[in-house]
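All values below were derived from every heavy atom in this structure, side-chain atoms included, with hydrogens, water molecules and symmetry-related copies excluded. The residues of the chain are indexed from 1 along the displayed sequence.
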Amino acid sequence: MLLLWRIRYLDSRDRRFKDRDLCLATDPLDPVTKAAVELCRELHRSDAPREILKYRRLFREEKSSETDLNALSERHAAIDGFCVPDYFEDGNGQELTWKRMAEILTGDPNAIMLPAGFRQHDIDYYVSSDRRPIPIGQISLSGDDLRILGYFTRELREMQAAAFYKDGPGRLYAAGHGSPKLQTAATDDEIRSFVTIFRRLYMKKEPASFLKAVDVFARVTQDHPLGRWVAGAGAEYDRDLLEPPDLFPCTGQTKLPFSRKRLIDVFLYTQYAHQPDPPRARQYRECLRAVGGQQALLRLMFLTEIWRRGLEMANAGRFIADLCGRYCQAHGVSCDVVPSAGAENPAIGALEKKGHREERLFEEFAANLAAQRWEERGRPGGGPAQFQNEARAQLAAAMAGK
């Protein structure tokens, strides 16, 4: 495999960002290192790309022409190009912190540089020198406040444990010249399970929605910096729902004519939480037309949006859940919350599924039959396993009444 890695580095001589192209051919590496590098790349393609940094020393800088790269490509069966978005180096190949980059760019040792994507509430909290803890002993939560925070915490933990939350929304793939197809790691049942939990946090009218929990947290923490940050995160989340979804290259548009909220709602109200009424069915068809009738693309956009909104809820929600737990411990109280089905019944799912049981028993009986055949034929070398396929076929025929 040939790995091509483009890095942004900051040249301190002229204070400009430049590109550094690195190359690593894994075939010449020793077998263990080769396997480790290739496995790392396969495991962390999107969720944790910084994992590849541990192998930075193996890469060499490559200033190759297009002809040279084509020649390299012909010598390797697989080629993979990538970058690590939040990784920057200096001229000597050493990682640069955001603080150091700010100093180089401005010449000011007190300058601060913030990562791309920071919102105003992130900036306000980051530059603040106030890091005092929330004074739990001075906070007072009513019974209603505790119920909101308690149920929010319950739903948040369930959402974070969901397979779809962990595995992400999936991807599109093209098969020949046909329309792109949707691939996901989560099953349809796992997606439906996530949507059920997500909806309880997403819908503003739910008793313990995300925004209601944000409001409680911001109110009881008053002017604490973390309270302002959580309130800002909630406000940004709410505003983002009214913006169009992020564009995918295959939409062929510069801006979509519907909002994130409309996209989420049409799926909730037509395919997950409700049977569609005529207005919702019409809205779904309008969204589908806006992406050229590509159903797989529209569904991926929906899955991407609920996954990202779930991440945003969890990012702010961890502080809300922490406050709830610490408050209950400090004040010797508990939330009046009905436990989740899984927490109340930990043995749910412990029984063997019917299909698995049938397959296991069939294999066990076939193995016994194979052992008998081996005994009958004088225990030839190779053991009973050589009769396993024959035993399966005979048992299957007998079960089918043949």
Colleague: Side chains of Leu141 and Cys324: does their closest heavy-atom pair fall under 4.5 Å?
Modeller: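 The answer is no; the side chains never approach within 4.5 Å.
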Colleague: Any donor and acceptor pair, going by atom type alone, linking the side chain of Thr304 with main-chain N or O of Leu300 inside 3.5 Å?
Modeller: yes
Colleague: Give a yes or no answer on whether the side chain of Asn315 reaches the backbone of Arg318 with a donor-acceptor pair at less than 3.5 Å.
Modeller: no
Colleague: I'd like to know if the side chain of Thr196 and the backbone of Arg192 have a donor-acceptor N/O pair within less than 3.5 Å.
Modeller: yes
Colleague: Any side-chain heavy atom of Leu288 within less than 4.5 Å of one from Gln295?
Modeller: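 A side-chain contact exists here, since the closest heavy-atom pair is under 4.5 Å.
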Colleague: Pro109 and Gly107: which non-hydrogen atoms are nearest, and at how many Å?
Modeller: CD-O, 3.6 Å
Colleague: Counting only heavy atoms not in Glu61 (residues, nucleotides, ligands), do more than 12 fall under 6.0 Å from its CD?
Modeller: yes
Colleague: When rounded to the nearest 0.5 angstrom, what is the spacing between CD1 in Ile148 and OG in Ser209?
Modeller: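 Going from the CD1 atom of Ile148 to the OG atom of Ser209 covers 8.0 Å.
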Colleague: Could you go step by step and tell me if Glu363 and Arg392 meet the salt bridge (charged side-chain N to carboxylate O under 4.0 Å, His left out) rule?
Modeller: CA-CA 8 Å; Glu363 288 298 319; Arg392 287 192 189 103; 3.1 Å; yes
Colleague: Take Leu263 and Leu298, measure what side chain to side chain contact (heavy atoms under 4.5 Å, CB included) needs, and give me the verdict at the end.
Modeller: CA-CA 9 Å; Leu263 175 64; Leu298 188 67; 3.6 Å; yes
Colleague: Return yes if some donor-acceptor pair links the side-chain N/O of Arg60 with the main-chain N/O of Arg57 below 3.5 Å, else return no.
Modeller: no
Colleague: Begin from the C-alpha positions of Arg308 and Asp240 and carry the test salt bridge (charged side-chain N to carboxylate O under 4.0 Å, His left out) through to its verdict.
Modeller: CA-CA 11 Å; Arg308 288 177 177 171; Asp240 283 348; over 6 Å; no
Colleague: Taking all non-hydrogen atoms of both residues, which atom of Ile136 and which atom of His331 are closest, and how far apart?
Modeller: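 Closest heavy-atom pair between Ile136 and His331: O-NE2, 3.2 Å.
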Colleague: Which atom names give the shortest non-hydrogen contact between Ile7 and Tyr87, and what distance separates them?
Modeller: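 Shortest heavy-atom contact: CD1-CE2, 3.7 Å.
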Colleague: Is it true that atom CZ of Phe365 has more than 12 heavy atoms of other residues, nucleotides or ligands lying nearer than 6.0 Å?
Modeller: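 Incorrect, the count does not exceed 12.
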Colleague: Output, in order, the C-alpha distance, side-chain angles, deciding distance and verdict of side chain to side chain contact (heavy atoms under 4.5 Å, CB included) for Phe194 and Ile191.
Modeller: CA-CA 5 Å; Phe194 176 87; Ile191 292 172; 5.7 Å; no
Colleague: Compute both the distance and the angle, then confirm whether Arg280 meets the cation-pi test with Tyr269: under 6.0 Å from the six-membered ring centre, within 45 degrees of the axis.
Modeller: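 Checked: cation-pi criterion met.
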Colleague: Within this structure, what is the CG-NZ distance for the pair Asp145 and Lys212, rounded to the nearest 0.5 Å?
Modeller: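 Nearest 0.5 Å value for the CG-NZ distance: 12.5 Å.
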Colleague: How far apart are the closest heavy atoms of Cys328 and Cys335, and which atoms are they?
Modeller: SG-SG, 3.7 Å
Colleague: Taking Arg154 first and then Glu158, would you say they form a salt bridge - that is, a charged N and a carboxylate O separated by under 4.0 Å?
Modeller: no
Colleague: Just checking Lys261: does its NZ atom have more than 12 heavy atoms from other residues, nucleotides or ligands closer to it than 6.0 angstrom?
Modeller: no
Colleague: Which atom names give the shortest non-hydrogen contact between Phe258 and Ala290, and what distance separates them?
Modeller: CE2-CB, 3.7 Å
Colleague: If you measure from the Lys or Arg side-chain nitrogens to the Asp or Glu carboxylate oxygens, is any gap between Glu95 and Arg56 under 4.0 Å?
Modeller: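 So Glu95 does not pair with Arg56 through a salt bridge.
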Colleague: Any non-hydrogen side-chain atom of Leu226 less than 4.5 Å from a side-chain atom of Leu323?
Modeller: no
Colleague: Assess whether a salt bridge exists between Arg239 and Glu243, defined as any Lys/Arg side-chain N lying under 4.0 Å from an Asp/Glu carboxylate O.
Modeller: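 Salt bridge flag = no for Glu243 with Arg239.
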Colleague: Could you tell me whether the side chain of Leu149 reaches within less than 4.5 Å of the side chain of Ile320, counting heavy atoms only?
Modeller: yes
Colleague: Count the heavy atoms belonging to other residues, nucleotides or ligands that lie under 6.0 Å from CZ of Arg219, then report whether that count exceeds 12.
Modeller: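 Counting neighbours around CZ of Arg219, more than 12 heavy atoms of other residues, nucleotides or ligands fall under 6.0 Å, so yes.
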Colleague: Under the rule for ring pair (Phe, Tyr, Trp, His ring centres under 6.0 Å), what residues qualify as partners of Phe82, not counting sequence neighbours?
Modeller: Trp5
Colleague: Measure the shortest side-chain to side-chain distance between Val338 and Tyr151 over non-hydrogen atoms and say whether it is less than 4.5 angstrom.
Modeller: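 Yes, at least one pair of side-chain atoms sits under 4.5 Å.
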Colleague: Side chains of Gln394 and Arg373: does their closest heavy-atom pair fall under 4.5 Å?
Modeller: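 When only atoms from C-beta onward are counted, Arg373 and Gln394 do touch, with a gap below 4.5 Å.
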Colleague: My understanding is that only residues two or more places apart in sequence, or in another chain, count here; which of them pass side chain to side chain donor-acceptor pair (under 3.5 Å) with Gln94?
Modeller: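 Counting only residues at least two positions away or on another chain, Gln94 forms no side chain to side chain donor-acceptor pair (under 3.5 Å).
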Colleague: Evaluate Asp19 against Arg8 for side chain to side chain contact (heavy atoms under 4.5 Å, CB included), listing each step before the verdict.
Modeller: CA-CA 5 Å; Asp19 290 330; Arg8 293 288 280 172; 3.0 Å; yes
Colleague: Does any non-hydrogen side-chain atom of Phe88 lie less than 4.5 Å from one of Met101?
Modeller: yes
Colleague: Give a yes or no on whether Gln183 atom CD has more than 12 heavy-atom contacts from other residues, nucleotides or ligands under 6.0 Å away.
Modeller: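 Atom CD in Gln183 is packed in, count exceeds 12.
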Colleague: Quick one: closest heavy-atom pair of Lys99 and Ala111, and the distance?
Modeller: NZ-O, 3.1 Å
Colleague: Enter the distance from Leu105:CG to Ser12:OG here, rounded to the nearest 0.5 Å.
Modeller: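 Nearest 0.5 Å value for the CG-OG distance: 10.5 Å.
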Colleague: Please check if atom NE2 in His356 has more than 12 non-hydrogen atoms from other residues, nucleotides or ligands closer than 6.0 Å.
Modeller: no
Colleague: Applying ring pair (Phe, Tyr, Trp, His ring centres under 6.0 Å) to Phe210 and Tyr237, what does each step give before you reach the verdict?
Modeller: CA-CA 10 Å; Phe210 170 59; Tyr237 161 90; 4.9 Å; yes
Colleague: Of Phe267, Phe302, Tyr272, which meets ring pair (Phe, Tyr, Trp, His ring centres under 6.0 Å) against Tyr284?
Modeller: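 Among Phe267, Phe302, Tyr272, the one that satisfies the ring pair (Phe, Tyr, Trp, His ring centres under 6.0 Å) with Tyr284 is Phe267.
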Colleague: Applying salt bridge (Lys or Arg N to Asp or Glu O under 4.0 Å), which residue pairs with at least one partner in residues 101-115 are found, sequence neighbours left out?
Modeller: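 Of all non-adjacent pairs touching residues 101-115, those that pass salt bridge (Lys or Arg N to Asp or Glu O under 4.0 Å) are Arg100-Glu103.
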Colleague: Please walk me through it: do Arg326 and Asp322 pass salt bridge (charged side-chain N to carboxylate O under 4.0 Å, His left out)?
Modeller: CA-CA 6 Å; Arg326 289 170 56 209; Asp322 179 68; 3.4 Å; yes
Colleague: Under 3.5 Å, is there a donor-acceptor pair between the side chain of Glu305 and the main chain of Leu241?
Modeller: no
Colleague: For the side chain of Lys166 and the backbone of Ala163, is there at least one donor-acceptor N/O pair under 3.5 Å apart?
Modeller: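 Such a contact is absent between Lys166 side chain and Ala163 backbone.
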Colleague: Please check if the side chain of Trp374 supplies one atom and the backbone of Pro380 the other of a donor-acceptor pair under 3.5 Å.
Modeller: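 Yes, the answer is positive, given that a donor and an acceptor are paired below the 3.5 Å cut-off.
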Colleague: Would you mind checking if Glu38 and Arg41 are paired as a salt bridge, meaning a charged N to carboxylate O distance below 4.0 Å?
Modeller: no
Colleague: Answer yes or no: is there a side-chain heavy-atom contact under 4.5 Å between Tyr327 and Val333?
Modeller: yes
Colleague: For the rings on Tyr165 and Phe198, is their centre-to-centre separation under 6.0 Å?
Modeller: no
Colleague: I would like to know whether Tyr202 and Asp265 meet side-chain hydrogen bond (donor to acceptor under 3.5 Å, both in side chains); could you show each step before the answer?
Modeller: CA-CA 10 Å; Tyr202 164 77; Asp265 287 351; 2.7 Å; yes
Colleague: Is any NZ, NE, NH1 or NH2 atom of the basic residue among Glu390 and Arg377 found under 4.0 Å from an Asp or Glu carboxylate oxygen of the other?
Modeller: yes
Colleague: Between Asp144 and Arg147, does a salt bridge (charged side-chain N to carboxylate O under 4.0 Å, His left out) hold up when you go through it step by step?
Modeller: CA-CA 5 Å; Asp144 286 341; Arg147 275 190 291 277; 2.4 Å; yes
Colleague: Could you go through the side chain to side chain contact (heavy atoms under 4.5 Å, CB included) check for Leu22 and Leu3 one step at a time?
Modeller: CA-CA 8 Å; Leu22 305 180; Leu3 296 177; over 6 Å; no
